[in-house]
Participant: 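Below is the structure I would like to discuss, written out as structure tokens.
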Amino acid sequence: IYIAMEVEISVPSEASNWWEEERYTDGSKWKFLEHKGPVFAPPYEPLPSNVKFYYDGKHMKLSPGAEEVATFFAKMLDHEYTTKDIFRKNFFKDWRKVGENKSLVNTFACQISQTSIQSRVIKIKAENERLLQEYGFCIMDNHKERIANFRIEPPGLFRGRGDHPKMGMLKRRIRPQDIIINCSKDSEHPKPPPGTKWKEVRHDNKVTWLVSWTENIQGSIKYIMLNPSSRIKGEKDWQKYETARRLKKCVDRIRNQYREDWKSKEMRIRQRAVALYFIDKLALRAGNEKEEGETADTVGCCSLRVEHIKLYPENDGQEYVVEFDFLGKDSIRYYNKVPVEKRVFKNLQLFMENKEPDDDLFDRLNTSVLNKHLQELMDGLTAKVFRTYNASITLQQQLKELTSAKILSYNRANRAVAILCNHQRAPPKTFEKSMQNLQTKIDAKRGQLSDAKRDLKSAKADAKIRRDEKSKKTVETKKKAVQRIEEQLMKLEVQATDREENKQIALGTSKLNYLDPRISVAWCKKWGIPVEKIYNKTQREKFAWAIDMAEDDYEF
DNA sequence: CGGCCTGACTCGGGTGTTGGCAA
DNA sequence: CTTGCCAACACCCGAGTCAGGCC
């Protein structure tokens, strides 16, 4: 029976790991692709008739469509942004387009009962599980792969990040006729819901997405794609780190080059060289131009404006200090004061001459010019490779330096990278409280410890007098208890330090997107730390290739 | 070439849910 | 064993990057 089972249950063999398979060389991403299509947002269920809508003090009957949009607003009532002018204006404008209330609504004297809406929250776990099993997977070539986002985004009110000019606009419901399906010809095509049609079914194996539609706020395309654990994502991720490792080999040459270029006769070359220096040294993002009025006003390196930096020939005893202060991606503030080389400083002065605060700092430069130049320096080199490279190399160096209290060290190394990449978060709402709780726990633990120590002492004294087996045993148990409590106390103290240091720093992004996982895996192997301490289940799935490949001597 | 636009993909912090643990 | 809390996690969906095509 045992043998039969071994044969029956085919344990995934070595060869079934995608990283041990051959890649396509013709630019195609797959040969076979079959899936069940998207899951649509559940239809709107009108409110029961006892829930009334009041406008300007008067009871009003809304069309189902208008009512739905009203509930979108109601759901957000406890958020600050519903009080914002732009949000309200955008919402109202879109709301009036829905149903027959065009001429009716124009001010905000309305009240919508929020509790009545919250009370309608229904969740069915079993249904979710069924949907996951049915729609959550696809077949790509010879693998069954998990899909990242098989649910279509439900309608609602758009909330961009930062000061977004389109906040409050209605994000409309996506219907089957908005959907483009991508799958292979020889697969069983997904069926649209009864009585509906897809916009299109295509068979494009030069792309990785399964489903796409156009979103109505920015007019951009949204996709359904595979989970990070999939071959197609993993391969790309691996490739990303390999590119960064190639940069490691030639980064000295490139650095020498841009330092030379600081002296160039040509303005565009000087600008390019200074920008590249920032990208390298400060891990700034490239900074594409953005359409004004369409999104929040944020910048990256190439789109930096004069108003975003200040020059100090001398500051706090340091020479040639540049102060950066701007809103970057997701309107996260970047604030940093850095001493720079004299030549960089002089160049910046030159770039800022005769300019207004809202003029571009690098007026002869944009991301496409920069990336074309980088491409010439190294195959596959773009601005963001520097971020990956500097993040990973920093982690590796930090891990080499820090050795005691392993997990804390790892988190500190991770933190150094997050700081480099400016990955910030709002301190958790409950931070102060939970910190206090932790402190009381620590105090309690300390009390416990001294109690346990006292117990131990008396037990020892007791044992000395009695000299029997039983009291000896008691001493042993008490000793163990003291030890256990000491360990617990240590753990708590480490936790407190860790949490305090982590207050405003988001570790997730760098861990998931910038740090070559093989560095972490190798570190775990070297110090005999279970990889589970560093990566949770999802992360282990994403980085399965790295966990399998990296030995303890892996060098980034 | 350069400006502009589109498409496809990675990166990003926030939030709702859950499960593990201490009281 | 039950309960209540909180951190960890999964998911969400917006915001970037970058290449390629067109004029």
Side-chain angles (χ1 to χ4, degrees), chain A residues 29 79 121 123 125 128 132 136 146 148-154 156 158-162 164 166-167 171 180 182 204 206-209 212 214-215 217-228 232-233 236-237 239-240 279 284-291 294-296 298-303 327-332 364 366-372 374-375 380-385 387-388 391 418 421-426 428-431 433-435 437-438 440-441 444-445 488 492 495 498-499 502 504-514 535-539 541:
Chain A
K29 305 287 174 67
H79 280 110
V121 178
K123 19 92 234 216
K125 255 183 141 179
N128 278 341
L132 172 66
R146 180 86 189 269
N149 56 324
F150 55 91
R151 284 168 208 276
I152 301 264
E153 295 171 17
F158 177 82
R159 168 65 185 133
R161 295 197 255 272
H164 199 114
K166 298 195 173 183
M167 65 170 82
K171 202 170 97 167
I180 302 174
N182 193 34
D204 181 358
K206 298 286 187 275
V207 296
T208 67
W209 54 266
S212 78
T214 302
E215 149 274 337
I217 304 290
Q218 314 279 0
S220 66
I221 306 170
K222 298 265 193 173
Y223 303 94
I224 289 182
M225 292 185 191
L226 297 194
N227 188 273
I232 205 125
K233 295 291 183 189
K236 201 72 190 300
D237 204 36
Q239 193 184 48
K240 174 178 78 187
I279 284 168
L284 299 191
R285 295 187 187 80
N288 285 305
E289 309 93 299
K290 302 172 68 179
E291 215 175 325
E294 294 293 300
T295 55
T298 63
V299 297
C301 186
C302 295
S303 50
L327 295 183
K329 182 177 179 181
D330 294 327
S331 293
I332 300 288
R364 307 282 174 86
N366 61 42
T367 53
S368 115
V369 169
L370 178 67
N371 279 331
K372 272 191 191 120
L374 292 176
Q375 191 59 240
L381 187 61
T382 61
K384 83 186 188 81
V385 179
R387 249 169 107 79
T388 311
C421 293
N422 198 41
H423 292 144
Q424 297 189 43
R425 64 167 182 181
K429 286 186 197 82
T430 55
F431 184 85
K433 209 182 116 214
S434 75
M435 211 57 197
N437 287 348
L438 194 55
T440 45
K441 262 191 196 170
K445 202 48 93 180
Q488 286 169 342
L492 284 174
Q495 204 185 341
D498 209 35
R499 200 185 294 174
N502 228 24
Q504 302 197 60
I505 299 176
L507 296 184
T509 301
S510 51
K511 200 173 188 179
L512 242 41
N513 299 307
Y514 288 103
Y535 292 132
N536 68 30
K537 186 168 143 284
T538 318
Q539 294 165 339
E541 280 166 13

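Just so it is clear: chains get the letters A, B, ... in the order the sequence lines come, proteins before strands, and each one is counted from 1.
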Participant: Regarding A/Lys171 and A/Glu215, does a basic nitrogen lie under 4.0 Å from an acidic carboxylate oxygen?
Facilitator: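 So A/Lys171 does not pair with A/Glu215 through a salt bridge.
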Participant: Starting at CD of A/Gln218 and ending at C1' of C/dA15, how long is that distance when rounded to a whole Å?
Facilitator: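 It is 9 Å, rounded to the nearest whole Å.
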Participant: So do A/Ser510 and A/His423 actually touch side chain to side chain, heavy atoms under 4.5 Å?
Facilitator: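 Touching, per the 4.5 Å side-chain cut-off.
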Participant: What is the distance, rounded to the nearest whole Å, between atom CG of A/Asn227 and atom C1' of B/dC9?
Facilitator: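 These atoms are roughly 16 Å apart.
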Participant: Touch check for A/Arg364, heavy atoms < 4.0 angstrom, all strands: base, sugar-phosphate only, or nothing?
Facilitator: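 The residue A/Arg364 makes no contact with any strand.
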Participant: So, is A/Arg387 near the phosphate of C/dC18, with a side-chain N or O under 4.0 Å from OP1 or OP2?
Facilitator: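 Negative; the distance criterion is not met.
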Participant: Which residue lies toward the 5' end of DNA chain C, A/Glu215 or A/Val385, if each is placed at its nearest nucleotide?
Facilitator: A/Glu215
Participant: Out of B/dG12, C/dC13, C/dA19, which nucleotide sits closest to the side chain of A/Asn371?
Facilitator: C/dA19
Participant: Between A/Arg159 and A/Lys537, who's closer to the 5' end of DNA chain C by nearest nucleotide?
Facilitator: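 Looking at DNA chain C, the more 5' nearest nucleotide goes with A/Lys537.
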Participant: Nearest of C/dC18, B/dG13, B/dA8 to any side-chain atom of A/Thr382?
Facilitator: C/dC18
Participant: Say whether, by atom type as modelled, one donor and one acceptor occur between the side chain of A/Asn371 and the main chain of A/Ala383 under 3.5 angstrom.
Facilitator: yes
Participant: How do A/Glu289 and A/Lys240 order along DNA chain B: which one's closest nucleotide is nearer the 5' end?
Facilitator: A/Glu289
Participant: Please tell me if A/Lys236 has a side-chain N or O lying less than 4.0 Å from either OP1 or OP2 of B/dA8.
Facilitator: no
Participant: Describe the nucleic acid contact of A/Lys29 in one word from base, sugar-phosphate, nothing, applying a heavy-atom distance below 4.0 Å.
Facilitator: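 Answer is sugar-phosphate: A/Lys29 comes under 4.0 Å of backbone atoms only.
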Participant: Below the 4.0 Å mark, does C/dA10 have OP1 or OP2 next to a side-chain nitrogen or oxygen of A/Thr538?
Facilitator: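 It does, given that an N or O in the side chain of A/Thr538 lies less than 4.0 Å from OP1 or OP2 of C/dA10.
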Participant: Under 4.5 Å between any side-chain heavy atoms of A/Arg285 and A/Thr367, yes or no?
Facilitator: no
Participant: OP1 or OP2 of C/dC13 less than 4.0 angstrom from a side-chain nitrogen or oxygen of A/Lys222, does that happen here?
Facilitator: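 No.
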Participant: Counting the atoms with a prime plus P, OP1 and OP2 as sugar-phosphate, which does A/Tyr223 contact under 4.0 Å by heavy atoms, base, sugar-phosphate, or nothing?
Facilitator: base
Participant: Could you state the atom-to-atom distance from CD1 of A/Ile221 to P of B/dC5 in whole Å?
Facilitator: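 The answer, rounded to whole Å, is 15 Å.
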Participant: Just checking A/Gln424: base, sugar-phosphate only, or nothing, at a heavy-atom cut-off of under 4.0 Å?
Facilitator: sugar-phosphate
Participant: Would you kindly check whether a donor in the side chain of A/Lys329 faces an acceptor in the base of B/dC11, or vice versa, at under 3.5 angstrom?
Facilitator: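 Such a pair exists between side chain and base.
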Participant: Students often get this wrong, so: under 4.0 angstrom with heavy atoms, is A/Thr295 touching a base, only sugar-phosphate, or nothing?
Facilitator: nothing
Participant: Is A/Arg161 touching bases, backbone alone, or none of the nucleic acid, heavy atoms closer than 4.0 Å?
Facilitator: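 Base, at least one base heavy atom under 4.0 Å.
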Participant: What is the nucleic acid contact for A/Ala383, judged by heavy atoms within less than 4.0 Å: base, sugar-phosphate only, or nothing?
Facilitator: sugar-phosphate
Participant: With the side chain of A/Glu153 defined as its heavy atoms from C-beta on, choose the nearest nucleotide among B/dA8, B/dG12, C/dC13.
Facilitator: C/dC13
Participant: I'd like to check A/Ile279 versus A/Leu370 (side-chain heavy atoms, cut-off strictly below 4.5 Å). Are they in contact?
Facilitator: yes
Participant: Using a cut-off of strictly less than 4.0 Å, decide whether A/Thr298 has a side-chain nitrogen or oxygen near OP1 or OP2 of C/dA15.
Facilitator: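 For C/dA15, OP1/OP2 do not have a side-chain N/O of A/Thr298 under 4.0 Å.
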Participant: In terms of relative ring orientation, are A/His164 and A/Phe158 parallel, tilted or perpendicular, with 30° and 60° separating the classes?
Facilitator: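 Perpendicular.
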Participant: Look at all strands and tell whether A/Asn513 reaches a base, only sugar-phosphate, or nothing, counting heavy atoms closer than 4.0 Å.
Facilitator: sugar-phosphate
Participant: How would you label the contact of A/Pro228 with the nucleic acid (heavy atoms, under 4.0 Å): base, sugar-phosphate, or nothing?
Facilitator: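 Result for A/Pro228 = nothing.
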Participant: Is A/Lys166 touching bases, backbone alone, or none of the nucleic acid, heavy atoms closer than 4.0 Å?
Facilitator: nothing
Participant: What is the distance, rounded to the nearest whole Å, between atom NZ of A/Lys290 and atom P of B/dG3?
Facilitator: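 One finds 20 Å between P of B/dG3 and NZ of A/Lys290, rounded.
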Participant: Is any side-chain N or O of A/Asn536 closer than 4.0 Å to OP1 or OP2 of C/dC9?
Facilitator: yes
Participant: Quick check for you: among C/dC18, C/dA15, B/dG7, whose closest atom lies nearest to any side-chain atom of A/Ala286?
Facilitator: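 Nearest to the side-chain atoms of A/Ala286, counting from C-beta on, is C/dC18.
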Participant: 5'-most contact on DNA chain B: A/Val369 or A/Ser212, nearest heavy atom basis?
Facilitator: A/Val369
Participant: With respect to the side chain of A/Asn366, which nucleotide from B/dG13, C/dA7, B/dG3 is positioned closest?
Facilitator: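 Nearest to the side-chain atoms of A/Asn366, counting from C-beta on, is B/dG3.
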Participant: Would you please confirm or rule out a distance under 4.0 Å between OP1 or OP2 of B/dC9 and any side-chain N or O of A/Thr208?
Facilitator: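 For B/dC9, OP1 or OP2 has a side-chain N or O of A/Thr208 closer than 4.0 Å.
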Participant: Looking at A/Glu294 and A/Lys290, is any side-chain nitrogen of the basic one under 4.0 Å from a carboxylate oxygen of the acidic one?
Facilitator: no
Participant: Quick one: is B/dG12 close enough that its OP1 or OP2 comes under 4.0 Å of any side-chain N or O from A/His423?
Facilitator: yes
Participant: Indicate yes or no: at least one non-hydrogen side-chain atom of A/Leu132 is less than 4.5 angstrom from one of A/Arg146.
Facilitator: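 Heavy-atom side-chain distance check passes, below 4.5 Å.
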Participant: Rounding to a whole Å, what distance do you find between A/Gln239:CD and C/dA19:P?
Facilitator: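 Spelled out: CD on A/Gln239 to P on C/dA19 is 12 Å.
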Participant: Just checking, is any N or O donor in the side chain of A/Asn422 or A/Gln424 under 3.5 Å from an acceptor N or O on the other one?
Facilitator: yes
Participant: When we call it a touch if two heavy atoms are under 4.0 Å apart, what does A/Gly287 touch: a base, just sugar-phosphate, or nothing?
Facilitator: sugar-phosphate
Participant: Regarding A/Ile217, tell me which of base, sugar-phosphate or nothing describes its non-hydrogen contacts under 4.0 Å with the strands shown.
Facilitator: nothing
Participant: CD of A/Glu541 versus P of C/dA10: gap in Å, rounded?
Facilitator: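 The distance from CD of A/Glu541 to P of C/dA10 comes to 8 Å, rounded to the nearest Å.
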Participant: Among B/dA8, C/dC12, C/dA10, find the nucleotide with the atom closest to the side chain of A/Arg151.
Facilitator: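 The answer is C/dC12, which lies nearest to the side chain.
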Participant: Please determine whether any donor N or O and acceptor N or O are separated by less than 3.5 Å between the side chain of A/Arg425 and the base of B/dG13.
Facilitator: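 No pair found.
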Participant: Can you measure A/Lys372 atom NZ to C/dG20 atom P for me and round it to whole angstrom units?
Facilitator: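 Spelled out: NZ on A/Lys372 to P on C/dG20 is 10 Å.
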Participant: Give the nucleotide from the list B/dC11, C/dA10, C/dT17 with an atom nearest to the side chain of A/Tyr514.
Facilitator: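 Of B/dC11, C/dA10, C/dT17, B/dC11 is nearest to the side chain of A/Tyr514.
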Participant: Any idea which of C/dC12, B/dT10, B/dG7 is nearest the A/Lys233 side chain?
Facilitator: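 The nucleotide sitting nearest to the side chain is B/dT10.
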Participant: How close or far is atom P of B/dG12 from atom NZ of A/Lys511, stated in whole angstroms?
Facilitator: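 In whole Å, B/dG12 P and A/Lys511 NZ are 16 Å from each other.
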Participant: Below 4.0 angstrom from OP1 or OP2 of B/dG14, is there any side-chain N or O of A/His79?
Facilitator: no
Participant: So what does A/Ala426 touch, heavy atoms closer than 4.0 Å: a base, only the sugar-phosphate, or nothing?
Facilitator: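 Here A/Ala426 touches the backbone only, sparing every base.
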Participant: Taking the minimum atom-to-atom distance to the side chain of A/Asp330, which one of B/dG12, B/dC9, C/dC13 wins?
Facilitator: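 Nearest nucleotide to the side chain: B/dG12.
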